[in-house]
Protein chains: 2
Amino acid sequence: MVSTQYCLPMNDDETLAMIGRLARIVTHDGHAAGLKPAQWEALRYLARANRFSNTPGALTAYLGATKGTVSQTLMALERAGLVRKSADAADRRSVRLELTAAGAALLPQDETLRFAEALSRMDAAQREALNEGLAALLKARLAADGGRTFGLCRDCRHFRRDMEGAGRHRCALLHVPLSDEDTARICVEQEAA
Amino acid sequence: MVSTQYCLPMNDDETLAMIGRLARIVTHDGHAAGLKPAQWEALRYLARANRFSNTPGALTAYLGATKGTVSQTLMALERAGLVRKSADAADRRSVRLELTAAGAALLPQDETLRFAEALSRMDAAQREALNEGLAALLKARLAADGGRTFGLCRDCRHFRRDMEGAGRHRCALLHVPLSDEDTARICVEQEAA
DNA sequence: CCATTTAGTATCGAGTCGATACATATTGGC
DNA sequence: GCCAATATGTATCGACTCGATACTAAATGG
């Protein structure tokens with residue numbers, strides 16, 4: 001259990017294997033409550049997406065899947081009464097997504113929450129190191145693929161804090177005002193500051 | 001980019017989201033070379049499994065899937081000429097698996113190797129912290145599920161190093177001699193020392 | 001105003017995956 | 001030795017995944 005301080009054993013292979021196993025567990029967890037892995041990913045996404053990001057297109061970018069696949073997943077969720085679709089008034093090609101009450105009620109049954117339990121058994125420094133390591137890894141990988149980061153306003157180059165008074169922020173990309181509540185959710189347009 | 005040293009922001013939610021996204025990318029990578037995610041997992045496993053662990057049963061335990069699912073995945077791989085099955089002489093219920101030359105030749109096309117590239121862009125300390133964090137997380141999660149660890153002899157309580165001379169080790173569980181080569185592969189019976 | 005782009009749906013085929021049922025082979029108690 | 005319990009693996013089903021391709025319809029931009 002002692003940390004190897006001097007002899008870095010070039011254990012990237014091991015790290016890759018652990019990433020693979022982690023992915024496997026997440027996939028397996030995705031069968032909780034009679035749903036499927038992709039459906040859980042969509043549900044989790046919609047629970048966290050802001051009002052500019054609750055569309056099939058944004059979800060497609062988040063999942064890195066194709067439009068067709070995501071469309072099918074959303075149809076299954078709609079059929080199950082977990083997601084509601086509505087037309088976008090401004091752009092009539094577009095669809096707005098939101099969780100129904102039933103969909104939101106399902107979130108506590110997300111099996112990946114058990115990772116939070118596992119995290120709680122790690123000490124704070126290790127947890128923080130894991131968080132930063134994952135962030136760096138994801139960032140490098142997403143950059144290589146041209147993928148979007150889907151972060152918070154806090155870390156976004158388009159964010160203008162308190163531009164119109166306390167708690168009244170602004171997005172310099174979309175040219176709209178942002179409430180504090182808006183900034184607590186992830187955005188498809190987010191770009192690192 | 002500055003590390004938050006004093007204000008630990010209880011960002012476990014963020015960590016969970018990153019784990020989910022990582023899993024998504026791995027799944028997506030799993031469509032390389034015309035294979036499927038589960039097939040890549042099996043291929044990677046068989047490339048790393050020792051001679052006590054190259055069976056459908058061990059793969060089932062590794063993947064955390066059901067026997068039926070794994071059986072189907074292996075049939076697809078056999079059909080594609082990437083995996084060869086052979087009867088186990090000692091236990092005629094059992095099947096031994098090995099990669100064919102074609103299967104082994106496919107390994108360099110594994111898209112998850114691109115995470116190694118991403119890792120190479122991180123500094124050594126962060127990489128080491130990520131490795132240890134992932135290990136701790138996986139260990140906690142696997143322990144909660146009763147899952148096996150699938151590690152190396154090096155870390156196994158049944159390992160008896162150099163018991164019969166230099167490079168001639170022994171497994172105290174299976175009661176068999178182990179070569180250096182044996183110890184370089186993962187084992188279904190491994191238990192943390 | 002019309003070509004291009006964008007948002008999303010429809011359909012196909014191979015595969016996934018849990019569930020259930022099944023066929024054998026081994027093992028343990030007696 | 002014998003037979004029940006157990007272990008290893010396959011067969012089949014149904015809903016879903018997912019990339020690929022083709023499609024509809026709405027917005028955009030010279």
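Reminder, nothing fancy here: chain letters follow the sequence lines and each chain counts from 1. The structure displayed is predicted, hence computed values, not measured ones.
With salt bridges taken as basic N to acidic carboxylate O contacts below 4.0 Å, one links Arg141(B) and Asp145(B).
Leu137(A) has its side chain within reach of Met122(B): a pair of non-hydrogen atoms, C-beta onward, lies under 4.5 Å apart. Between Phe115(A) and Thr15(B) there is no side-chain heavy-atom pair separated by less than 4.5 Å.
A heavy atom closer than 4.0 Å to some atom of DNA chain C occurs in no member of residues 94-114 of chain B. Heavy-atom distances under 4.0 Å link DNA chain D to no residue of residues 46-62 of chain A.
When the nearest nucleotides of DNA chain C are assigned to Val70(A) and Arg79(B) by heavy-atom distance, the more 5′-ward of the two goes with Val70(A).
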Between the protein and nucleotides 23-27 of chain D, which nitrogen or oxygen pairs are less than 3.5 angstrom apart?
from	atom 1	to	atom 2	distance (Å)
dA27(D)	OP1	Arg92(A)	N	2.9

Strictly under 3.5 Å: I want the nitrogen or oxygen pairs between protein and nucleotides 17-20 of chain C, one per line.
from	atom 1	to	atom 2	distance (Å)
dC17(C)	OP1	Arg24(A)	NH2	2.9
dC17(C)	OP2	Arg24(A)	NH2	2.8
dC17(C)	N4	Gln72(B)	OE1	3.2
dG18(C)	OP2	Thr66(B)	N	3.2
dG18(C)	N7	Thr69(B)	OG1	3.2

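In this view, Arg92(A) satisfies the side-chain contact (heavy atoms from CB on, under 4.5 Å) rule with no residue, not counting sequence neighbours. Listed by chain and residue number, Met75(A), Ala76(A) satisfy the side-chain contact (heavy atoms from CB on, under 4.5 Å) test with Arg79(A) (two or more places apart in sequence, or in another chain). When the side-chain contact (heavy atoms from CB on, under 4.5 Å) test is applied to Glu98(A), the partners found at least two apart in sequence or on another chain are Arg84(A). Judged as a side-chain contact (heavy atoms from CB on, under 4.5 Å), and not counting sequence neighbours, the contacts of Val95(B) are Pro56(B), Lys85(B), Leu97(B). Every salt bridge (charged side-chain N to carboxylate O under 4.0 Å, His left out) that Arg93(A) has, sequence neighbours left out, goes to Asp91(A). Residues that satisfy the salt bridge (charged side-chain N to carboxylate O under 4.0 Å, His left out) test with Arg170(A), not counting sequence neighbours, are Glu164(A).
The ring pair (Phe, Tyr, Trp, His ring centres under 6.0 Å) analysis of residues 123-158 of chain A, with sequence neighbours excluded, yields the pairs Tyr45(A)-Phe150(A), Tyr62(A)-Phe150(A).
End-to-end axis angle of the helix from dC1(C)-dG30(D) to dC30(C)-dG1(D), from C1' rotation axes over five pairs per end: 30° (rounded to 10 degrees).
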